[in-house]
Amino acid sequence: MAIALGSLLLLAGVLLIIQAGVLLSVDQPVLAPSRNSGTQPTRLAMPIVEAHRREPARKIAQNLIAPPQLDPMELERVEPRPPLTDLGLAVPPKAPMPEDWREILLFRPVAASSAIFESTGRTVIISGVQGIDLDRTCSFHHVTWPCGQHARAAFNSWLRGRALSCLVPPDVERFAIAAPCRLGRQDVGAWLVSNGWATALPSSIYGKAQVTAQGAEMGIFGPPR
């Protein structure tokens with residue numbers, strides 16, 4: 001009797017395990033009748049989702065927004081934009097001046113053009129600027145005027161025979177030399193360009209001064225003065 005009772009209990013346990021496996025199975029595919037055959041079951045077709053569907057940004061928290069999913073194949077590498085200003089650009093180092101150059105006073109300067117003057121037998125060209133030729137004419141609102149002569153006259157009027165401090169080499173009487181000069185604390189090249197009586201060379205420091213002169217219609221950029 002004990003053996004028979006144990007066998008019945010074992011059989012009942014096996015049946016319960018089989019029944020539980022059927023009830024708990026969630027991974028079995030759901031079969032649907034095939035369109036080709038009325039009797040053979042086939043796997044139910046799942047909807048096809050686009051592999052790289054673009055989705056809008058969605059808010060997943062109070063102060064957190066998830067960005068939309070992007071397809072890496074659609075990304076394009078572009079050149080970086082130029083800087084908004086020149087402040088972050090590296091400035092080329094200034095060339096050291098020769099040791100024999102000295103800053104000296106040149107007395108009673110007389111302007112030969114808008115960026116060239118003569119003093120005590122020396123001819124000095126203001127460095128960093130392009131002077132206005134004496135025979136040049138300028139036009140403003142269809143009015144033509146001799147801007148070269150006006151530029152020289154304006155330079156002479158500003159100098160008024162006052163001494164200029166220039167950084168020049170020794171013994172330059174026999175040839176012209178390009179040199180930076182100051183009238184007191186005023187840079188001569190900066191004054192000429194900012195007043196429109198000279199233009200800045202591409203490599204000089206007077207580019208912004210020329211832009212200011214053009215915007216204010218100063219000197220050669222404006223009407224006769």
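When reading the values below, keep in mind they use all heavy atoms of this one structure, side chains included, and skip hydrogens, waters and symmetry mates. By convention here, the first residue in the shown sequence is residue 1.
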Who else is in the cluster with F107 when I, L, V, M, F, W and Y are joined by side-chain contacts under 4.5 Å?
L105
[X]: which residues meet the side chain to side chain contact (heavy atoms under 4.5 Å, CB included) condition with it, sequence neighbours left out?
X    : result
R108 : none
Q210 : V193, T199, A200, Q214, F221
S157 : none

Report yes if some heavy atom in the side chain of P169 is under 4.5 Å from a heavy atom in the side chain of I177; otherwise report no.
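Sidechains of I177 and P169: in contact.
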Can you tell if the side chain of V143 reaches within under 4.5 Å of the side chain of P224, non-hydrogen atoms only?
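When only atoms from C-beta onward are counted, P224 and V143 do touch, with a gap below 4.5 Å.
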For the [atom1] atom of [X] and the [atom2] atom of [Y], what is their distance to the nearest 0.5 Å?
X    : Y    : atom1 : atom2 : answer
L192 : I126 : CG    : CD1   : 6.5 Å
S139 : I220 : OG    : CD1   : 12.5 Å
D133 : S113 : CG    : OG    : 7.5 Å
M218 : T212 : CE    : OG1   : 10.5 Å
Q186 : R162 : CD    : CZ    : 10.0 Å
T123 : I116 : OG1   : CD1   : 8.0 Å

Are [X] and [Y] connected in the hydrophobic side-chain network, where two residues link if heavy atoms are under 4.5 Å apart?
X    : Y    : answer
V188 : I125 : no
W197 : F140 : yes
W191 : L201 : no

side-chain contact (heavy atoms from CB on, under 4.5 Å) between W158 and L183, intermediate numbers included
CA-CA 10 Å; W158 181 66; L183 179 58; 3.7 Å; yes
So which heavy atom on [X] is nearest to which on [Y], and how close?
X    : Y    : value
V129 : A198 : CB-CB, 4.2 Å
P180 : S127 : N-OG, 3.2 Å
G131 : A115 : CA-CB, 3.6 Å
A112 : E118 : CB-OE2, 4.4 Å
S119 : P109 : CB-CA, 4.1 Å
G148 : I132 : CA-CG2, 3.7 Å

Are the side chain of T137 and the backbone N or O of T144 linked by a donor-acceptor pair below 3.5 Å?
no
Give me the ring orientation class for F117 and F155: parallel if the planes are under 30° apart, tilted from 30 to 60°, perpendicular past 60°.
perpendicular
Disulfide bond (SG atoms under 2.5 Å apart) pairs touching residues 176-225, sequence neighbours excluded, are C166-C181
What salt bridge (Lys or Arg N to Asp or Glu O under 4.0 Å) pairs are there with at least one residue in residues 175-197, not counting sequence neighbours?
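Passing the test, one end in residues 175-197: E103-R182.
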